[in-house]
**Student:** 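Handing you this structure, nothing more for now.
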Amino acid sequence: MQAYVTIMGKVSVFLGKVCGVFYLAAIALSLYEVFMRYVLGAPTSWTSETIMVLVATAWMLCVGAVTQQRRHITVTTMELLLGEKLWGRMKKLAILLSMVGVAGLTVMLWEPMVKVLKAPQTTGSAFDPYTPTYVKTMLVGSAVLYFLQLLANLLTPSTKRHTPAGLGVE
Amino acid sequence: MGIELVTLYIVSALFILMAIGVPLGASTLLISVATAYLAYGSNGFILVTSAVTKVMDKQTLVAVPFFVFMANIMERSGVAKELFNSMAILGGRMRGGVAVQTCLVAVVLAAMSGIVGGEIVLLGLIALPQMFRLGYDRKLSIGVLCASGSLATLIPPSVVLIVYGAEAGVSVRDLFTAGVVPGMLLAGLYIGYVLFRVRLNPAIGPIYDSPETQLPLIQRLAYLKGLILPFLLIFGVLGSIYGGIATVTESAAIGAVGSLIVAAARRELTTKGVREALWATTLTTGSILWLIIGAVSLVGIYNLMGGTRFLSGILTGLDMAPIMVIIVMMLIIFFLGTFLEWIAIVFITVPVFAPVVVQLGYDPVWFGILFAMNIQIYMLSPPFGPACFYLKSVAPKDVTLQEIFLAVMPFIGLQIIGLALVMIFPQIALWLPGL
Amino acid sequence: ETVLKIQSSAQSGAYEYSYLEDEWGKRLSAMTGGEVTVEFFPINAIVDRNETPEAVMAGVLSGDLNSVAYFTGRNPAFAIMGDLIAGYDSPEQVQTFCRHGGGREALQELWDSVLPDAMHVVGCGAVSKEALVSTVEIRGVADLEGVKIRSPSGLAATVFQKAGAAPVSMSISDVFTSLEKGVIDAADASAYINNSTSGFHQVAKYPLYPGIHSMAVRQFVLNKGVWEGMSDDQKLAVETWFYAAYDDLRRQLDLQDKQQVQADQAAGDITVVDWSQEERDKFRVLATEAWEETAAKSPEARKALDAHYDFMKKIGLLKP
Ligand code: NA
Ligand code: NA
């Protein structure tokens, strides 16, 4: 069980680190487009949509890392009122409820993915990338990642719990 | 189930889930998933998934990671610290000087961003730790940052005004022009409040305890050099927008690269620093984004279940003075702002309100500014106060969400005063576009 | 009683939306003795504008009154059916194409091949021609050279590129500031009256009217089960209602456009640019190449373009 927690955490953190590369690439492409349009007067048809895909990919991939680092924005007022033990149980319940929501989302996202994979869709622009197909598929992946990392958080004993990073939210 | 009950159920479910400690994004997601399923069975899935997919195509949000990255680089390099030391020295013996200066910086930043997330995160990363370090009262610092950082959607450019303009069929140019003075008015109220508070209790806005602050103004001006690099950066970004070089979104990327150049100029640019900044960017942006995903997933369901009809029902039942109708509209927007995402508020209220406003003989531009000012309140008001969430996502870890919510309360009061002023004196908004 | 829940492609603040809802919404109820009523939702209110077919199939919407071109990503044929850039001269021609020239049938056939047995196309048509907002004076094809023009649709971008312009793709929220500050020179936005109320003419003083490029075709589509559940009389009433509403809406929008153009010309601050027929014909020839390229992308697209050609030959827009 602890092996699962460790491995899942490593996967999530790795994917989270990959996101940084996507953001850097998006920044570089934005500048490239400004240069092409303003200096050369030759705007491209592909940068704006590519930037969107890069950034969207990072948004979807990061969910495991955000969950593993317990950075989802949460209200913790009750912790002060309830005492540590009861709050510890409520946190477990909170994770379970999150899992229900995310599992529901995964189920809902499944059919759109199957459909779009059968009949792939593009954006219909001049560049015409397969963004809708890609996003609908990736979303299922990220919802599953979210769920698996929530499960790992649930199984993490409170003594071994990862202390929130410097900017931790929980 | 009537829409009144649905509304009640959504609000109470949100409160309960939040109290249990379910993250906000997961709470809204769970509520929309459950509502869609209970109300429409598997046919309702599309209502949730369509909204979620749509977020991945929200081009206005592309600027958020760029701003967050810029802020992280500036925070990691010594430039933020030096900026605030210089500001403190320039402020001299003036109590609360840095808070006032931060508010002014926020106004300038508002002119280079159309979204709240970017500006709050920027201020939260750079200004908040520095204000704490300089000994400013925590609540005062947090409140000033959340409130002045939200000005991004009132002072042009503003995505809120663009979306309102499209929905209400009003000139974006007029809305932008009309937003300037009310934005300044709010900033003025915040500054006035800070000065008032430090006068009552000097301990909350300490004088920067360094010998330099004793120097005469002329000599203190030498410390302007600490402002040079940050201001070059700001003016570079502003210049790229107002000089017609880049779009507002692209200018955020220019700022990100600019911050790297500033760090390099100070010989503080390291691979490790960039890597850490990227990791922080990923986590901050991710927490904001998955919050938005949850919040947006409620839009379609609430609309389909009759959100807009509910409102027109309320309004047609009213038999009262026109200004009272406007006040009721403001209360409704305020109420919706406690649990919905702003784009949902626009979708639900503007189609119903805008025609009524015109029928009553009011200027829809003026109403648009009232709307945007109300969205300022929405940004801060608990439980669903995005500005507070954004600040939370970057604040030092001992800052809790409840502390932020308490800190913004007086500023919500100031926003209500500002809103009332523009309501009573429409010229505050309308004289500039009228010129 | 059947309640038709319809998501439209109009912004809630647009004249088009309120006119349909206020003036025509209640008429359907009157025409059917209260048996069929309609409830409109503005663009993106229930589902993303591109996903109305899925919502219609699931039954959460009864139908849509949506822009056909939004579905281009499903099949290039929707680009041709949805907005044959620079093809027709007026919305009347498009309405005639849809109602009497085989347009409705072609669209029905297209939906049957993309989503079999799901959608019934009640009708289609265009209600106005988009004007182009521009900060520079574009009097003809030659003036398009090097003009940075924001255009989201693929077919429009291709046509502008063939005319020597530089199509720019950017977020809709960036368009206004970009026009104002000169990041772009022109943008394809909406009908003249809409561009005017949105304040585009305050920053882009050389609008092209009547427009040269785009005329969005809207479809009025119902869930097939809903359609088949109606009696013959009700079906007839719904069909009649749609065409009457769209015909009327077209006239109203035309009137509004013209009134605004007159007012702007009288005020003298805005220069309304009207292309000569010769320039329009030149532009159509350039556009034909782009149509052909799009038609080559799928058999359905080829069929759709041929349907247009048939009709255009009939009315003399193309030489037989
Ligand atoms: Na702004
Ligand atoms: Na709020």
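All values below come from the heavy atoms of this structure, side chains included, with hydrogens, waters and symmetry mates left out. In the text below, chain A, chain B and the rest are named by the order of the sequence lines, each starting its count at 1.
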**Student:** List the steps and the verdict of side-chain contact (heavy atoms from CB on, under 4.5 Å) for B:Y390 and A:I73.
**Tutor:** CA-CA 9 Å; B:Y390 297 155; A:I73 294 159; 5.6 Å; no
**Student:** Which heavy atom of A:V34 sits nearest to which heavy atom of B:A246, and what is that distance?
**Tutor:** CG2-CB, 4.0 Å
**Student:** Considering residues, nucleotides and ligands other than A:K10, do more than 12 of their heavy atoms fall under 6.0 Å from its NZ?
**Tutor:** no
**Student:** Under 4.5 Å heavy-atom distance to chain A, tell me which part of B:L289 shows up: side chain, backbone, both or neither.
**Tutor:** side chain
**Student:** Apply side-chain contact (heavy atoms from CB on, under 4.5 Å) to B:V22 and A:T74, showing your working.
**Tutor:** CA-CA 6 Å; B:V22 180; A:T74 311; over 6 Å; no
**Student:** Let me know if A:V63 has heavy atoms under 4.5 Å from chain B in its side chain, its backbone, both or neither.
**Tutor:** both
**Student:** Can you measure from NE2 (A:H72) to CH2 (B:W290) and round to the nearest 0.5 angstrom?
**Tutor:** 8.0 Å
**Student:** Between atom CH2 of A:W87 and atom CD1 of B:I20, what is the distance when rounded to the nearest 0.5 Å?
**Tutor:** 9.5 Å
**Student:** Rounded to the nearest 0.5 Å, what's the gap from CD on A:E111 to OG on B:S42? Could you check?
**Tutor:** 7.5 Å
**Student:** Could you give me the CA-CA distance, side-chain angles and deciding distance for A:V135 and B:D57, then say whether side-chain contact (heavy atoms from CB on, under 4.5 Å) is met?
**Tutor:** CA-CA 9 Å; A:V135 164; B:D57 198 30; over 6 Å; no
**Student:** Side chain from CB out, backbone as N, CA, C, O: work out which of these in B:I293 comes under 4.5 Å of a heavy atom of chain A, or both, or neither.
**Tutor:** neither
**Student:** Quick one: closest heavy-atom pair of A:G104 and B:V33, and the distance?
**Tutor:** CA-CG1, 3.8 Å
**Student:** Taking CH2 in A:W110 as the centre, count heavy atoms belonging to other residues, nucleotides or ligands within less than 6.0 Å. Is the count above 12?
**Tutor:** no
**Student:** Looking at B:T281, B:V48, B:I245, B:T285, which has the largest count of heavy-atom pairs under 4.5 Å with chain A?
**Tutor:** B:I245
**Student:** Can you tell me which portion of B:L401 sits under 4.5 Å from chain A's heavy atoms? Options are side chain, backbone, both or neither.
**Tutor:** side chain
**Student:** Could you look at A:K17 and say if it's the side chain, the backbone, both or neither that has a heavy atom under 4.5 Å from chain B?
**Tutor:** both
**Student:** Heavy-atom cut-off 4.5 Å, strictly under: side chain, backbone, both or neither for A:V13 against chain B?
**Tutor:** both
**Student:** Are there residues of residues 116-133 of chain A that reach to under 4.5 Å of chain B by heavy atoms, and which ones?
**Tutor:** none
**Student:** For B:Y37, I'd like to know if atom OH has over 12 heavy atoms of other residues, nucleotides or ligands within 6.0 Å.
**Tutor:** no
**Student:** Could you tell me which portion of B:A19 (side chain, backbone, both or neither) has an atom closer than 4.5 angstrom to a non-hydrogen atom of chain A?
**Tutor:** both
**Student:** Can you give me the closest heavy-atom contact between B:S393 and A:R71, atom names plus distance?
**Tutor:** O-NH2, 2.6 Å
**Student:** With chain B as the partner chain, list the residues of residues 25-32 of chain A whose heavy atoms fall under 4.5 Å from it, by residue number, and write 'none' if nothing qualifies.
**Tutor:** A:A26, A:I27, A:S30, A:L31
**Student:** As an exercise, state the distance from OG of B:S27 to CG of A:L97, rounded to the nearest 0.5 Å.
**Tutor:** 8.5 Å
**Student:** If you draw a 6.0 Å radius around CZ in B:R133, do more than 12 non-hydrogen atoms from other residues or ligands fall strictly inside?
**Tutor:** yes
**Student:** At a heavy-atom separation under 4.5 Å, does A:I51 approach chain B through its side chain, its backbone, both, or neither?
**Tutor:** side chain
**Student:** Of the backbone (N, CA, C, O) and the side chain (C-beta and beyond), which part of B:V62 lies under 4.5 Å from a heavy atom of chain A, both, or neither?
**Tutor:** both
**Student:** Is the shortest heavy-atom distance from the side chain of B:L61 to the side chain of A:W59 under 4.5 Å?
**Tutor:** yes
**Student:** Please report the closest heavy-atom contact between B:M56 and A:A56, naming both atoms and the distance.
**Tutor:** O-CB, 3.6 Å
**Student:** Given that the side chain runs from C-beta out, which part of B:F389 has a heavy atom under 4.5 Å from chain A: side chain, backbone, both or neither?
**Tutor:** both
**Student:** Quick one: what part of A:Y146 sits under 4.5 Å from any heavy atom of chain B, side chain, backbone, both or neither?
**Tutor:** side chain
**Student:** Between atom OH of A:Y23 and atom OG1 of B:T282, what is the distance when rounded to the nearest 0.5 Å?
**Tutor:** 5.5 Å
**Student:** Mind listing the closest non-hydrogen atom pair of A:R37 and B:T247 along with its distance?
**Tutor:** NH2-N, 4.1 Å
**Student:** So with a 6.0 Å cut-off around OH of A:Y4, is the heavy-atom count from everything else above 12?
**Tutor:** yes
**Student:** I need the A:M99 CE to B:L30 CG distance, nearest 0.5 Å.
**Tutor:** 12.5 Å
**Student:** Using every non-hydrogen atom in the two residues, find where A:P112 and B:T49 come nearest and quote the distance to one decimal.
**Tutor:** CG-OG1, 4.2 Å
**Student:** Out of A:M108, A:M60, A:E49, which one racks up the most heavy-atom pairs below 4.5 Å with chain B?
**Tutor:** A:M108
**Student:** So for A:V75, is it side chain, backbone, both, or neither that comes closer than 4.5 Å to the heavy atoms of chain B?
**Tutor:** both
**Student:** Among the options B:P23, B:G21, B:A26, pick out the one with the most heavy-atom pairs lying under 4.5 Å from chain A.
**Tutor:** B:P23
**Student:** Quick one: what part of A:A58 sits under 4.5 Å from any heavy atom of chain B, side chain, backbone, both or neither?
**Tutor:** neither
**Student:** In sequence, state the C-alpha distance, the side-chain angles, and the governing distance for A:Q69 and B:W279, and then conclude on side-chain contact (heavy atoms from CB on, under 4.5 Å).
**Tutor:** CA-CA 11 Å; A:Q69 299 280 316; B:W279 176 236; 3.8 Å; yes
